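Chain letters run A, B, ... following the sequence lines, proteins first, then strands; residues in each count from 1. Worth saying up front: this structure is predicted, and the values here are computed from it rather than measured.
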Amino acid sequence: MNWRVAVADFRLRIGFAKTGLALWLSHLEVVRCMERCIRRSNLPYAISQGFSPHMKHTFTAALPVGTGSIGEYMDVELESLVAVELALRSLQAVQHPCLPVLSVEYAAKDAPSLQVYFNRVTYLVELARPDGAAEGFEGVLEDSACAHEGCKDTRPQESADALEDSAGAREGGENTFVDPAGANEGGEDTRPRGSGGTQVPELLRRLEPRPTIEVVKKAKRKSYDLESYVVGAEAVPGNNAALRLSLLSRPEGSLRPEVILAALGEPDLHPHIVSLTRIALEHQEL
Amino acid sequence: MINPQSRSLRLQLEELLPRVEKPARYIGAELFAEEPSLQPADLLDIALIYPDIYDMGASNQALVILYEVARGIPGVGVERAFLPWTDFAAELRQNELPLCSLESQRPLKDFDLLGITMPHELIATNICELFDLAGIAFLASQRGEDAPLIIGGGPVANSPAPFAAFFDAFCIGEGEEAFAELLIVLAEAKRQGLSRAERLKLVAHVEGFSVPSLEQGSVTRRVLADFANYPVVTRPLVPFVETSQDRLSVEILRGCTRGCRFCAAGMLSRPVRERSANTVVAAVTQGLSATGLSEVSLSSLSSTDHSQIAPILRRLSSRYANTDTKISLPSQRLDSFGVSMASLVCGTQKKGSLTFAPEAGTQRLRDVINKNVSDDEVMGAISAAYEAGWRRTKLYFMLGLPTETDEDVAAIAELANKAYAAAKDAVIDSERGKVRMSVSVGVFVPKAHTPFQFYGQVPREELERRVRLLKASGLHRGVDLHWHDPSSSMIEAVFSRGEASLAALGIRAWELGARFDAWSDQFKLHIWEQAATDVGIDLQALASRVFEVDEPLPWDFITGGVSREYLAEEYKCALLPVAQTTPDCTMGPCGTCGVCDGEIKNELAGSRG
């Protein structure tokens, strides 16, 4: 029997994280994975009518490959009301552990789209230390739900601390950093802190006052006044190789943190980002 | 087993990810993938490998099924591996890192057994690349006591001679039961600490396994006895990456007795065995709800031949009406019944394209190859498809079939033009502008265990002339023509009926840089020509070699399938001045192919036709 109708009445807003090995997924791969999670959950999702029926959903702005997040959202249209507790349980029971569902609520039917609404994005940026302690582009985020061996391996202590500072307490996370060399048997991070973390204060200093930077996009040179784009920049307590950047996306354009840091680093600093995580999505009236 | 060393390796491999295209290929962690964990030291560690990139192999049915088989055997730990794309391979070499398994990221050379599926004949250079990246000796004879046992399987294992030097053993035929038996034997051998030579002797005693280094006599091809009740994999790993088979696959029947004389799959997969409608419907609903996939393919060599295909499709299309779930049939029978079945799965949506395979342009040549369809049936199917709402169809033909003349080549264009006219006639005036048709032309490759195994491939330059002839044959401007490059088909023909001396050719081509030869944009004929010169092989002579019907063949040692006499008889029927056709034994009399002389016979869920 067909009880599905063309007009969806309920817009379910699902909060989720992109953690662990899922860091390496493209936006399209995240979308596919979340769609499948919703199908497995048996939620009464609406489908578009027409030539090629598909689930009706929208996502927050695409995260690039290699960028994690603890604050993503997607809206999916439902055809009947499902209590939020039940919806949350149904999704969590079938979620992929690296894309855990964190929250569920209903959005107003006429609410602005996710991409327009969430125009203030805060990133946690971790830079390589010249002493080489934080090697490579490590997965930063680890939700307690994610049990993959690979996810456990790649979680630096600092990032976890920083996240708990900024994103509120998250319980039960496994905070053991495994020393890549295998020499650190206690599992506790005893790496020297701060020996090479001199870039962060200098980069932050170069943001005061906000300069105008030149960016080349698709062979076109454009200048951006960072006063309009960088709405917050601060060091992370306890981790002097990391900083938080809050960026505004505007109708006339937006900037990625790596682009800003590369421009600020000219000509002498060459900040090398080892991990990039979206830690908050907010709305700011322009 | 996870040890500190492999943790370190995992971190080093993860550092490569930002530098490569589609890093999700290399992370594993798919839904339902097993977590690597601490395991007892006497566990039999195996890795199943598809020797192409993840995107091509992750949904390969052999891998999906055997992964499930291995997971069910106590004392066995199973992981997977794929060949990385060239960017990742270059990074591995530059950083001096070995190719690792997907799950625990351990070097492949540390496993006890590597099971490699060989899907087609153009795989030799990928196998060399795999061994080189993994740090494993190319030749079985050069592997030490600690090297993994390397076991090949899949379609190419039916003519394994060209690959024999690379492998310690081959699994011949259907792997479900054979592989399980092998793993049980080897798990016990590991507990007992048996030597490599002792283990190989045990492998040779498992029915269906050929061990090239031992004198074995004949090897009997394995056939799964109770296919109908063998469990369907309804919780396959669900890849993040969009794979070449990005859907749930439920195999509804195995085997095909239509008897096309060029078709290795049809000859090798007999007898015909069907799963019942109840089994199929239950597997589809369970699989879709467990995985969250939005498409299911009812797979087989000829799905519309299933005796219960109509009730299966009616039940599934009513279950999934008005949802975003798609049901697909991989092949269409060339008649209006095929179209009506395709209509059932699509409901009102006819957005895709239907593919039909007349294979040859004239009735005479279709009789030669035993493709028992008439021009009228082709036109009936085309009219039915466009009347039912489809606007795109693809017609598939082969060039270079035995006895093909210029008239047969030109007839491909004539048949396509007639079909195009029939398509235009089948729709109302306002829809005529939307009618699309394409013609796709492959090249005949003689395959072992088929009636045409004796026939030599038409030389490459002649095939190229026939392609030009077809292009000049007045094909309607509205019909798109695509053709397959005869030069890679020549290499396929070299390997499909080849001998053990070809290992040197594969290695030389790899040394000269050949990789991913099945990818048309990667295949380079000049490399293969250079390699052939270097090792003293005449490619064209091997591809075009004609075997006498009583001549010994390199794959004669494989028994248990269609008989050699039947193949010779079919070959003779094909080459008579007026070719004789042989009917499908599931709808007509027994063709005496010999398969049912064994214990397992055709087993249908209902009656056909």
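Within residues 235-249 of chain B, the residues having any heavy atom under 4.5 Å from a heavy atom of chain A are, by residue number, B/V238, B/P239, B/F240, B/V241, B/E242, B/D246. Using a 4.5 Å cut-off between non-hydrogen atoms, no part of residues 80-87 of chain B approaches chain A.
Remark: B/K326 NZ to A/H54 NE2 distance equals 14.0 Å, nearest 0.5 Å. For the atom pair CH2 (A/W24) and CD1 (B/I27), the distance works out to 9.0 Å, reported to the nearest 0.5 Å. Taking SG of A/C98 as the start and CD of B/E30 as the end, the distance is 10.5 Å to the nearest 0.5 Å.
Taking the salt bridge (charged side-chain N to carboxylate O under 4.0 Å, His left out) definition, one finds that B/R314 meets it with nothing, sequence neighbours left out. Listed by chain and residue number, A/E258 satisfy the salt bridge (charged side-chain N to carboxylate O under 4.0 Å, His left out) test with A/R256 (two or more places apart in sequence, or in another chain).
Open room surrounds NZ on B/K434; 12 or fewer heavy atoms of other groups in view lie less than 6.0 Å from it. No more than 12 heavy atoms of other residues, nucleotides or ligands sit less than 6.0 Å from atom NZ of B/K394.
The candidate with the highest count of non-hydrogen atom pairs below 4.5 Å against chain A, out of B/L31, B/L288, B/T325, is B/L31.
Residue B/A29 comes nearest to A/L21 through the heavy atom pair CB-CD1, 3.7 Å, listed as atom of the first residue, atom of the second, then distance. Taking each heavy atom of B/T291 and A/R36 in turn, the nearest pair found is O-CB, 3.9 Å.
The closest side-chain heavy-atom distance from B/S294 to A/E35 is not below 4.5 Å. Contact annotation: the side chain of A/V65 approaches that of B/P23 to within less than 4.5 Å [non-hydrogen atoms, C-beta and beyond].
Distance alone, capped at 3.5 Å, places no donor-acceptor pair between the A/R40 side chain and the B/S289 backbone.
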